[in-house]
Structure formats: C-alpha cells, structure tokens
Enquirer: 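Have a look at this one before I ask anything.
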Amino acid sequence: MFSFFKKKVFLVDYLHGFMDIHNHILPGIDDGAKTPEESVAMIQAFAGFGVKNFVFTPHIMNHYHPNTPKSIKDAFELLKGVLEKQGVGDIKIDFAAEHMIDDEFESLMDQDRIVPLKKEYMLIEMSYLQASFSFDYAVKKIQEHGYFPILAHPERYNYYHQDPKIYTELRSDGIQFQLNLLSLSGYYGSEIQKMALKLINEGMIDYCASDAHNLKHLDAIKEIKLSQKTLNQVLPIIENTIQTFY
C-alpha cells in the first residue's frame with residue numbers, strides 16, 4: 001500500500017569524518033563553553049558520532065566578546081594542553097574566529113587583528129536584529145585584503161526573509177554561505193528552517209557547521225531527521241566543507 005509518510009533518516013549517521021568549521025568550543029572567551037571541562041565534554045560528544053576535526057571559532061564582537069588573536073590563541077593552547085593531559089587523541093584542531101561586522105570591524109582589518117579560516121577565508125556575521133550598516137563596505141575591504149568572506153548562518157537573518165533576492169545579490173558580490181546544521185530542524189523556529197531548505201534547494205549553501213555552543217546543541221543535532229531528498233542535497237555540502245577545510 002502506498003504511504004504518504006516517507007521515511008526520514010538521522011543526519012548524525014552521515015557526519016562521520018565531518019570537519020566542523022564553526023563552533024564555540026574554546027573555553028571562557030565568549031558565550032560558548034565556560035571551562036576546559038565543558039570544552040572537552042563537547043569534543044567527546046562530537047567524537048561519539050564520528051566528528052573529530054574542528055576549527056574553533058569564538059566571537060570577535062565589540063563590547064560583548066572583544067577577543068583578539070592573542071586571547072583566542074591563549075584559549076586554544078590552554079584547551080590543547082588539557083586535551084593532551086587527558087589523553088584525548090585522534091582529533092584535529094585549529095582555530096579562527098567569527099567576526100561580527102560592527103563599528104570596530106574596520107579597525108580590526110586595518111590593524112590586522114582578524115583570525116582567518118585556513119589563512120584565506122574569513123567567517124563573518126551580523127546582528128539578528130538588523131543588517132550591519134557597513135556590511136557592503138566591510139565585504140569589499142575583506143576582499144581587498146585577499147580573503148574570501150563566508151557569511152555565517154544566512155538563514156537566521158529574519159530581516160532578509162521578506163526579500164529573498166538579497167541572498168542572490170550577496171552571492172553575486174562574492175560572499176559564500178555557511179549553514180547551521182540545527183537550522184535543518186525546527187530548533188531556531190519554522191521560518192528559519194524554511195529558509196534553510198530554500199537556500200539549499202536553490203544551491204546557495206557552500207558549507208555547513210554546527211555553531212555548537214554547548215552540549216544542549218549537540219543533543220539537538222543528534223535528533224535532526226531529514227528526508228532522503230534533503231539528505232541528498234546536504235551531503236555534497238558536507239563533502240565540500242571537508243574538502244575545503246580539512
């Protein structure tokens with residue numbers, strides 16, 4: 001008998017070997033893990049479903065998380081030492097940053113205080129409340145300095161949902177898109193889920209990542225179920241993320 005209910009599959013079963021390029025695992029420097037112990041617990045939870053490759057990306061956000069290349073490197077070295085002491089092996093780790101396009105960003109660029117991904121990519125974000133006034137200028141400045149801008153979680157900027165052609169314009173300006181895995185579920189709300197699927201359907205997503213801040217996020221990732229059609233669209237994005245950043 002024909003069934004209207006098509007079987008869904010767990011995304012986590014297809015994440016073995018994944019390269020997570022956006023997360024907040026480094027301890028004590030933003031709104032992610034607070035202690036090295038929490039960081040280790042997150043890494044071990046990831047390893048439980050086969051994810052052992054990470055680029056840690058704490059916020060650089062004026063007034064809230066004013067990190068610097070030094071503060072990020074110090075947190076990285078602290079966590080690296082804890083992992084070695086506890087014998088947590090078989091993982092690959094590196095660090096970069098998630099840069100907020102705010103009133104301090106231009107100064108960061110001029111003073112070379114940015115922390116790129118794999119030396120040539122820059123992960124950037126905006127406020128969820130409104131688009132950054134200087135966003136276009138910031139993107140041009142990023143490109144002039146020889147970096148490829150990657151916009152974190154474009155599906156979560158609700159102010160773009162009413163005018164989706166903006167996404168096409170952003171990509172035509174040379175901006176790449178990184179999707180949050182949790183956006184594939186209803187974790188952030190149904191409207192964000194719809195936009196995530198729309199961007200995937202239109203071939204606009206280049207990379208994906210966890211953006212995990214805590215163990216609760218990891219528990220939610222383990223519960224994500226996708227239709228076979230959506231999974232088939234997501235798998236090449238996962239593979240491109242691995243191929244580009246491993």
Enquirer: Treating Ser185 as the side-chain partner and Ile224 as the backbone partner, does any N or O pair qualify as donor plus acceptor under 3.5 Å?
Expert: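 Not at all, since once roles are kept as given, no pair shorter than 3.5 Å links the two residues.
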Enquirer: A quick test of your reading: do over 12 heavy atoms of other residues, nucleotides or ligands sit less than 6.0 Å from NZ of Lys92?
Expert: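 Atom NZ in Lys92 is crowded, with more than 12 foreign heavy atoms closer than 6.0 Å.
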Enquirer: Would you find a donor on one side and an acceptor on the other, under 3.5 Å apart, between the side chain of Ser127 and the backbone of Leu129?
Expert: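 Confirmed, Ser127 side chain pairs with Leu129 backbone.
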Enquirer: Counting N and O atoms only, with roles assigned by atom type, does the side chain of Gln193 sit under 3.5 Å from a partner on the main chain of Ser183, one being a donor and the other an acceptor?
Expert: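 Flag not set: sc Gln193 to bb Ser183 has no pair under 3.5 Å.
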Enquirer: Treating His99 as the side-chain partner and Leu123 as the backbone partner, does any N or O pair qualify as donor plus acceptor under 3.5 Å?
Expert: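 Judged by distance alone, yes, a pair lies under 3.5 Å.
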Enquirer: So does Lys34 have more than 12 non-hydrogen atoms from other groups sitting under 6.0 Å from NZ?
Expert: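 More than 12 heavy atoms, drawn from other residues, nucleotides or ligands, come within 6.0 Å of this atom.
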Enquirer: Going by heavy atoms in the side chains, are Leu11 and Leu181 under 4.5 Å from each other?
Expert: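 Leu11 vs Leu181: side chains touch.
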Enquirer: Taking atom types as modelled and ignoring hydrogens, do the side chains of His161 and Tyr157 form a donor-acceptor contact shorter than 3.5 angstrom?
Expert: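 Absent: no donor and acceptor within the cut-off.
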Enquirer: Are Tyr188 and Asn180 close enough that a side-chain donor and a side-chain acceptor fall under 3.5 Å?
Expert: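 Result is yes, a qualifying pair exists.
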Enquirer: Between Glu223 and Phe10, is there a donor-acceptor pair closer than 3.5 Å when you use the side chain of the first and the backbone of the second?
Expert: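 Between the backbone of Phe10 and the side chain of Glu223 there is no qualifying donor-acceptor contact (under 3.5 Å).
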Enquirer: Which of these, Val9, Asn201, Leu197, sits in a side-chain contact (heavy atoms from CB on, under 4.5 Å) with Thr230?
Expert: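 Passing option: Leu197.
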Enquirer: Do the rings of His153 and Tyr128 sit parallel, tilted or perpendicular, given the 30° and 60° boundaries?
Expert: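 Answer is tilted, since the angle falls between 30° and 60°.
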Enquirer: Look only at the side chain of Ser39 and the backbone of Leu26, and say whether a donor-acceptor pair between them is shorter than 3.5 Å.
Expert: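 Looks like no, no N/O pair under 3.5 Å.
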Enquirer: Could you check whether atom OH of Tyr159 has more than 12 heavy atoms from other residues, nucleotides or ligands sitting under 6.0 Å from it?
Expert: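 Yes.
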Enquirer: Say you draw a straight line from CD of Glu144 to OH of Tyr137; how long is it, rounded to the nearest 0.5 Å?
Expert: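 Between Glu144 CD and Tyr137 OH, I get 7.0 Å after rounding to 0.5 Å.
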Enquirer: Do any N or O atoms from the side chain of Ser71 and from the backbone of Asn67 form a donor-acceptor pair under 3.5 angstrom?
Expert: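 No.
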Enquirer: Determine, step by step, whether Met42 and Leu215 satisfy the side-chain contact (heavy atoms from CB on, under 4.5 Å) criterion, reporting the C-alpha distance in whole Å, the side-chain angles of both residues, the deciding distance to 0.1 Å, and the verdict.
Expert: CA-CA 6 Å; Met42 290 178 69; Leu215 288 172; 4.1 Å; yes
Enquirer: Under 3.5 Å, is there a donor on one side chain and an acceptor on the other for Glu38 and Asn214?
Expert: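 Result is no, nothing qualifies.
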Enquirer: Is atom CD of Glu120 surrounded by more than 12 heavy atoms (other residues, nucleotides or ligands) closer than 6.0 Å?
Expert: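 Above 12, so yes.
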Enquirer: Counting distance only, does the side-chain N/O of Thr241 pair as donor-acceptor with the main-chain N or O of Cys208 below 3.5 Å?
Expert: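 Such a contact is found between Thr241 side chain and Cys208 backbone.
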Enquirer: Report, as yes or no, whether the 6.0 Å neighbourhood of atom NZ on Lys229 holds more than 12 heavy atoms from other residues, nucleotides or ligands.
Expert: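 At most 12 heavy atoms, drawn from other residues, nucleotides or ligands, come within 6.0 Å of this atom.
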Enquirer: Sequence neighbours left out, what pairs pass ring pair (Phe, Tyr, Trp, His ring centres under 6.0 Å) with at least one residue falling in residues 222-246?
Expert: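 Those involving residues 222-246 are Tyr121-Phe245, Tyr207-Phe245.
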Enquirer: If we count only N and O atoms by modelled type, under 3.5 Å, do the side chains of Gln178 and His22 hold a donor and an acceptor together?
Expert: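 Per modelled atom types, Gln178 and His22 side chains form a pair under 3.5 Å.
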Enquirer: Can a side-chain donor-acceptor contact be found between Asp211 and His217 if the only test is distance below 3.5 angstrom?
Expert: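 No, no side-chain donor-acceptor contact under 3.5 Å.
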Enquirer: Please list every donor-acceptor pair under 3.5 Å in which a side-chain atom of residues 49-62 meets a protein atom from a residue at least two apart or in another chain.
Expert:
| residue | atom | partner | partner atom | Å |
| --- | --- | --- | --- | --- |
| Lys52 | NZ | Asp90 | OD2 | 2.9 |
| Thr57 | OG1 | Asn23 | N | 2.9 |
| Thr57 | OG1 | Asn23 | O | 2.9 |
| His59 | ND1 | Glu98 | OE1 | 3.3 |
| His59 | ND1 | Glu125 | OE2 | 2.9 |
| His59 | NE2 | Asp31 | OD1 | 3.2 |
| Asn62 | ND2 | Asp103 | OD1 | 3.1 |

